[in-house]
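My questions all concern the structure below.
Throughout, protein chains are lettered first and strands after them, A, B, ... in sequence-line order, and every chain is numbered starting at 1. Only this structure's heavy atoms are used, side chains among them; waters, hydrogens and symmetry mates stay out.
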There are 2 protein chains.
Amino acid sequence: MPSKSDTKTHILDIAERHFARDGFAGTSLRAIIKDAGVNVAAIAYHFGTKEELYQAVTERFAAPVVREQLERLRAEVKKDGANLEGVLCAFYEPPLKLIKKMGKKGEVLSMFLGRAQTEPEPVFSLIDDHYQACRNEFINAFRKFLPDLEEGEYQWYFEFMLSLIVCFLTRHIPVRLRYTNDRDWEPEHVTGSLVEFCLKGMGKKN
Amino acid sequence: MPSKSDTKTHILDIAERHFARDGFAGTSLRAIIKDAGVNVAAIAYHFGTKEELYQAVTERFAAPVVREQLERLRAEVKKDGANLEGVLCAFYEPPLKLIKKMGKKGEVLSMFLGRAQTEPEPVFSLIDDHYQACRNEFINAFRKFLPDLEEGEYQWYFEFMLSLIVCFLTRHIPVRLRYTNDRDWEPEHVTGSLVEFCLKGMGKKN
DNA sequence: GTATGATTCAATCAGTTGATTGAATTTCAA
DNA sequence: TTGAAATTCAATCAACTGATTGAATCATAC
């Protein structure tokens, strides 16, 4: 019944859920194929190794987010009256809006994006390379709007900016279990909180 | 040759290095015992299951840090002229000073502390419970020094504060590979950066 | 020195891991 | 309808997984 792309897509759908929840090492191919109702060999046939399957998930799931962040950034710095706030919005809005748009599946994307950033090798290098271009361009934008900082500070500011959204993506479920307020999960509100915290953090002392 | 406590301690020494580098699921007991030069059964004898071994590492390695953070916090809020900056120092200083004091082994502690916070189940619950008491007391301190915020904001401020140090602990090695300046890794300087960013982030808008 | 308890050991368990094979099946164009 | 390519399948591989056993070794108090 399922055509080529059906099985392939279906495996990706299931795989991303498992990788998101259990991490790379904690996910077995058996668990995926059992859940997907396909044969083990299907993974080898369509993707190759476990690592290549993970890479495929990253490519379909995470790469578009990074691409949009970069597009938004480039548009933002060209604007009249461009500022640091716009740069931060360019970083935070794409993933949060996409997650919201995807509905239930956004929860999976959220977990996957967050977890991927904190995986041990061999995933770490894979993800880190992915963000290399992103990192350079955002740091250049920081240089533009936050002149005269030390080089190390620019580096750390990018990591801080990144870590705040990783924190949000991986923790919003446990946090909401402790304290629920549906408004807090509106992407506009979340983006606003992250941008505000980060903007103030990078700004001058009060 | 090795007495009881020797073997037990030695296993812990090796285990924490593996868990720090490869995560819980990515670490096999074989890898640990091979590295430690002991028998597989030694782990079962001294600790029990793999999960109990991880718990023992957490207890010896991470628990003292949390305890000191809480002690520092309690001392800080009692002070004359207590303020938010003191609260943040109480949170950031203990782990960073300990890591510095431990020298080479501090790198392992650093990685372990950072990674533990981002592990999937069953580790996540273990660690999260550990931080529950810590979380409540710090959030109460936020309430004191940052009055009239919404409840959700206090919750997220704690998570942000936590995520910044997790970011630092897990990323300082790759970041230093990209840009090295030894001064940046002095605990006073690091604490200063984290406290400043966080303090500004939590403060009023400029 | 000997008995007792603590510790270590090799051997082994059953189950899982990622990966591969070659045969069976399906798909679809000619 | 037929034939070649794409896809799926059951069966199997060797290696590894966490865990357990009972015998051997050790330390120590008597």
*Can you tell me how far CZ of Arg171(B) sits from CD of Gln155(A), rounded to the nearest 0.5 angstrom?*
12.0 Å

*What does Ala42(A) touch in the nucleic acid at a heavy-atom separation under 4.0 angstrom: a base, only the sugar-phosphate, or nothing?*
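Result for Ala42(A) = nothing.
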
_Pairing donors with acceptors under 3.5 angstrom, does anything connect the side chains of Glu51(B) and Gln55(B)?_
no

*Is Phe160(A) close to Cys167(B) at the side-chain level, that is, under 4.5 Å between some pair of heavy atoms?*
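Result yes, sub-4.5 Å side-chain heavy-atom pair found.
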
*Is the distance from OP1 or OP2 of dT8(C) to the nearest side-chain N or O of His46(B) less than 4.0 Å?*
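Affirmative; the distance criterion is met.
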
*dA19(D) P sits how many Å from Asn39(B) CG, rounded?*
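Rounded to whole Å, this separation is 15 Å.
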
*Round to the nearest Å and state the distance from Ile33(A) atom CD1 to dA19(C) atom P.*
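From Ile33(A) CD1 to dA19(C) P: 13 Å.
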
*Quickly work out the Leu29(B) CG to dT16(C) C1' distance and round it to whole Å.*
14 Å

*dA10(C), dA19(D), dA19(C): which one has an atom nearest the side-chain heavy atoms of Arg30(A)?*
dA19(C)

*Is a salt bridge present between Lys8(B) and Asp13(B), judged by a nitrogen-to-oxygen distance below 4.0 Å?*
no

*Out of dT17(C), dT17(D), dC9(D), which has the shortest distance to the side chain of Val38(A)?*
dC9(D)

*Does any residue of residues 48-55 of chain A have a heavy atom under 4.0 Å from DNA chain C, and if so, which ones, in number order?*
Thr49(A), Lys50(A)

*asked:* Between Glu121(A) and Arg21(B), does any NZ, NE, NH1 or NH2 come within less than 4.0 Å of an OD or OE carboxylate oxygen?
replied: no

*To the nearest angstrom, how far is Asp6(B) atom CG from dT8(C) atom P?*
9 Å

*asked:* Any base atoms under 4.0 Å from Ala41(B), or only sugar-phosphate, or nothing? Heavy atoms, all strands.
replied: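 It contacts base atoms.
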
*Does Ser28(B) have a side-chain nitrogen or oxygen under 4.0 Å from the phosphate oxygens OP1 or OP2 of dT17(D)?*
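The answer is yes; a side-chain N or O of Ser28(B) sits under 4.0 Å from OP1 or OP2.
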
*Please give, in whole Å, the distance from dT8(D) P to Phe47(A) CZ?*
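The answer, rounded to whole Å, is 11 Å.
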
*Is the shortest side-chain N to carboxylate O distance from Glu107(A) to Arg17(A) below 4.0 Å?*
no

*Got a salt bridge between Arg74(A) and Glu137(A), using NZ or NE/NH1/NH2 to carboxylate O under 4.0 Å?*
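Yes.
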
_What is the distance, to the nearest angstrom, from the OH atom on Tyr45(A) to the C1' atom on dT21(C)?_
15 Å

*In whole Å, what is the span from the CD1 atom of Ile43(A) to the C1' atom of dG18(C)?*
10 Å

_Taking 4.0 Å as the cut-off, does a side-chain nitrogen or oxygen of Thr7(B) come that near to OP1 or OP2 on dT7(C)?_
no

*Roughly how many Å is it from NZ in Lys34(A) to P in dG15(C), rounded to a whole number?*
14 Å

